[in-house]
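Chain identifiers are assigned alphabetically (A, B, ...) following the order of the sequence lines, protein sequences preceding nucleic acid strands; residue numbering begins at 1 within each chain. As the structure is a computational prediction, the values presented were derived from the model and not from experiment.
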Number of protein chains: 2
Amino acid sequence: MHSFTEENYLKTIYYLATRQEGEVTTNALAEMTATKAASVTDMLRKLADKQLIHYRKYQGVRLTEEGERLALKIIRRHRLWEVFLVQKLGFGWDEVHDMAEELEHIRSDELVERLDVYLEYPQFDPHGDPIPTPTGTMPATGYQKLSEIQTGTSVCIMGVLEHSPEFLQHLARTGLTLGCSLTLREINAFDKSLLVQIQPETALFVSHDVARNLLVA
Amino acid sequence: MHSFTEENYLKTIYYLATRQEGEVTTNALAEMTATKAASVTDMLRKLADKQLIHYRKYQGVRLTEEGERLALKIIRRHRLWEVFLVQKLGFGWDEVHDMAEELEHIRSDELVERLDVYLEYPQFDPHGDPIPTPTGTMPATGYQKLSEIQTGTSVCIMGVLEHSPEFLQHLARTGLTLGCSLTLREINAFDKSLLVQIQPETALFVSHDVARNLLVA
DNA sequence: TATTATTTTTAGACTTGCCTAAATTTTTTA
DNA sequence: TAAAAAATTTAGGCAAGTCTAAAAATAATA
Ligand SMILES: [Mn+2]
Ligand SMILES: [Mn+2]
Ligand SMILES: [Mn+2]
Ligand SMILES: [Mn+2]
């Protein structure tokens, strides 16, 4: 079996690999896991010994097939638990991350598959992130950042890239929730803020910082 | 905060204290936690430092008020998660213990209280054990062991003292489930086995070993 | 390309929870 | 009640995961 810590590292490597081209660096991992580079190096050696990552000293890391399979398994658990916490227990989407961070490590495949049945096979978690399949593949979504679409386009909010409670609460307060449809009216040339129409009668300004963390389709 | 290990020790001390008179011994703890006496001594010193137990060298231990409050909190979590696993996910009562053993350590009071609401405030877990209140008191039950009632008495099965999958599966196979009512017909003088009637037409023999692990009222 | 600056790794150490072996205390038995 | 047995604690050590400080490798810059 693998420790909580190993599972968290695998998940973090997966996450960073999808965000940047090329190998994942020691420093990036240290920042994400809130540890020091020296500690990361220790763990990388251990994960490499277990054949979960490809690791060449000073050259960064990449998940092996087995490592990616495991990472996706943990992500699947995390996202299913988040669905449970929001849909069944009534938590807000800004409250569930830390609990899911612990629940994802409960060691039972049977448990997570029964949870999937119970939740009626959800495709997405409360943040719009796709839920990996039991066999370990990540469904593709093809969403775009709101900051990257053309003026005049009408789209639907499908997900968020930033998961901090502050950001999620801000969205909830301004009415920008998952599934909400909107039309991009104009982009301010000065600060790149966006004017979006969410109701026939209501339009609002969205900062570029918010827009590049909102996924739409 | 307290570690998983500390929480498990507190729970074990609570459990042993309810079974035997007087202080809980180092060896008893070593056996229950599947560790060695020397390791137990280390942990006892640590728990005593944190004021969670009363500990005098060579004299055994006893929970402090704070220690008991914490133990009951973990037991409450354990039993609520067991109810969830059986009632919502459809697990058998013989399958849930190990998962609950991990779930009980998820650090969120809000989570367990919402779970309680969601499960509609259950009073007992799938093994008939009472669920401690949020404020940390253990409801009394006053059940008797089946091995200790009089011939001719009619009773209802309310709980089990042994939680091993083997025992629980044996009960399920012989039809001795929670809530099942039965009448004690006779007690075999030779091996203390019991003849119990569970239907107007069906009676069956129950070994003394089984009977002293069945709680009735 | 030689010299800085940055990144990464190594060396050595700490904490937690566990172990074995030996010493000590308590309990039992002769 | 003294010796033997059992229970418990102490001593010393190990693995996981973390840290700081120093060394080594790579990248950036003059
Ligand atoms: Mn985690
Ligand atoms: Mn999520
Ligand atoms: Mn436990
Ligand atoms: Mn139970």
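- Within the nucleic acid shown, A:Thr41 comes within 4.0 Å of at least one base atom, counting heavy atoms only.
- Note that B:Arg114 lies in the cation-pi zone of A:Phe91, set by a 6.0 Å cut-off to the ring centre and a 45° limit from the axis.
- Counting to the nearest Å, the P atom of C:dT16 and the NZ atom of B:Lys36 are 23 Å from each other.
- Checked against C:dT8, C:dA11, C:dC18, the side chain of B:Ser39 finds its nearest nucleotide in C:dC18.
- Between A:Lys57 and the phosphate of C:dT10, there is a side-chain N or O to OP1/OP2 separation shorter than 4.0 Å.
- Distance CZ (A:Arg45) to P (D:dA15): 13 Å, rounded to an integer number of Å.
- The cationic group of B:Lys88 lies under 6.0 Å from the six-membered ring centre of B:Tyr118 and within 45° of the ring axis, placing it in a cation-pi geometry.
- Of the two residues near DNA chain D, A:Phe4 and B:Leu44, the one whose nearest nucleotide lies more 5' is B:Leu44.
- Closest to the A:Thr26 side chain, of the nucleotides C:dT9, D:dT18, D:dT20, is C:dT9.
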Working for salt bridge (Lys or Arg N to Asp or Glu O under 4.0 Å), residues B:Arg76 and B:Asp109: CA-CA 11 Å; B:Arg76 173 172 165 80; B:Asp109 291 339; over 6 Å; no
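- Counting to the nearest Å, the C1' atom of C:dT10 and the CE atom of A:Met43 are 17 Å from each other.
- Checked options B:Glu7, B:Arg77, B:His78, B:His2; the residue passing with B:His105 is B:Glu7 (criterion: side chain to side chain donor-acceptor pair (under 3.5 Å)).
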